[in-house]
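Before any comments, here is the structure.
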Amino acid sequence: MGRLADDAARLGVTLNADQEAQFEQLAAELVCWNAHTNLTAITDPEGVRVRHFLDSLTVPVRPDDRVIDVGTGAGFPGLPLALAHPSLRVTLLEATGKKIAFLEHMIELLGLTNAVTLHARAEDAGQHPAHRAAYDLAVARAVARLPVLLEYLLPLVRVGGRCIAMKGITAHEEAESARRALRTLGGRLIGIETVMLPGVAEPHHLVMVEKTASTPPLYPRKPGTPSKKPL
Ligand code: SAM
């Protein structure tokens, strides 16, 4: 894990020795829990370092951002972001109870005071007064195609806030297919950034969206509808 700080520095993220030790603890617990709870397919040390930790740290955050990570799973990208950027306030939203149990365990073990879990469906959180339009940034990786994902993310963000979808090779095609969702939900495509990770041949993409208008109250529709009938 020693190379994590060097590679993170290349992404513009500074990690001190305490933070590096916390990342090591997170990697060890992830592998340990994965033996009895299915959290992730990536468990080799290099895969965890690059595809979970560094990939998460490519998300461009702003100081003091209120961030929600939708469908965070075992905490990616939200947990590394909270660890690396103490000024953020990070909400880790996940529908699966066993993953929430892991995240609660990690927050306590690492003594993280800037991260909380939210055991919910994104569709329900987006209609809840405590969460609707309550965040500066909504982020997600490997959760749904963009037209569906935007119905999860945009209702959670304040007007003027941002959504970032972490995508693979389909990023441009998904952005094209999300025009109607953007128009309907009050979003505007800012751009698509390409990210290269050390030792990974295929580029990753960050689809960046700005919230330009309030999302109509109808959205998000009830759980399951966004994926069954994408905008
Ligand atoms: N973001 C993590 C990552 O990249 O490692 C996890 C990705 S995993 C493939 C997708 C996660 O999204 C699952 O843990 C699933 O339970 C969660 N998820 C999918 N749809 C959801 C929804 N509508 N509301 C909340 N969580 C959802």
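The basis for the numbers below is simple: all heavy atoms, side chains too, and nothing from hydrogens, waters or symmetry mates. Note that ligands are numbered from 1 as they come in the structure, with each ligand's atoms numbered from 1 the same way.
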Any [X] side-chain heavy atom under 4.5 Å of [Y] side chain:
| X | Y | value |
| --- | --- | --- |
| Lys99 | Thr37 | no |
| Phe53 | Leu26 | yes |
| Glu94 | Thr117 | no |

Should the proximity of [X] to ligand 1, defined as any heavy atom under 4.0 Å, be assigned to the side chain, the backbone, both, or neither?
| X | result |
| --- | --- |
| Met166 | neither |
| Leu93 | side chain |
| Ala120 | backbone |

Taking only heavy atoms of [X] into account, list the atoms of ligand 1 that are under 4.0 Å away from them.
| X | result |
| --- | --- |
| Arg121 | 23 (N), 24 (N), 25 (C) |
| Ala95 | 25 (C), 26 (N) |
| Lys99 | 13 (C), 14 (O) |
| Ala122 | 22 (C), 23 (N), 24 (N), 25 (C) |
| Thr96 | 16 (O) |

**Asked** Is the closest heavy atom of Pro77 to ligand 1 under 4.0 Å?
**Response** no
**Item:** same_hphob_cluster(Val116, Leu112) at 4.5 Å side-chain heavy-atom cutoff
**Value:** no
**Prompt:** Between Leu79 and Met166, is there a shared hydrophobic cluster once you connect ILVMFWY residues whose side-chain heavy atoms come closer than 4.5 Å?
**Reply:** yes
Write out the residue and atom name of the closest protein heavy atom to [atom], then the distance separating them to 0.1 Å.
| atom | answer |
| --- | --- |
| atom 9 (C) of ligand 1 | Ala142 O, 3.2 Å |
| atom 19 (C) of ligand 1 | Val143 CG1, 3.9 Å |
| atom 23 (N) of ligand 1 | Glu123 OE1, 3.0 Å |
| atom 14 (O) of ligand 1 | Glu94 OE1, 2.8 Å |
| atom 4 (O) of ligand 1 | Arg141 NE, 2.6 Å |

**Prompt:** Knowing that exactly one of Arg158, Arg162, Lys211 qualifies, which makes a salt bridge (Lys or Arg N to Asp or Glu O under 4.0 Å) with Asp136?
**Reply:** Arg158
**Asked** Which of parallel (below 30°), tilted (30 to 60°) and perpendicular (above 60°) describes His131 and Tyr135?
**Response** parallel
**Request:** Mind listing the closest non-hydrogen atom pair of Arg141 and Pro77 along with its distance?
**Result:** CB-CD, 4.3 Å
**Fill in**
Nearest non-hydrogen contact to atom 12 (O) of ligand 1 from the set Gly71, Ala125, Ala74, Gly224 belongs to Gly71
**Prompt:** With a 4.0 Å cut-off, strictly under, does atom 21 (C) of ligand 1 pick up any protein heavy atom?
**Reply:** no
**Asked** Does Arg51 come within less than 4.0 Å of Glu202, counting only side-chain N to carboxylate O?
**Response** yes
**Asked** Do the side-chain N and O atoms of His52 and Thr40 include a donor-acceptor pair separated by under 3.5 angstrom?
**Response** yes
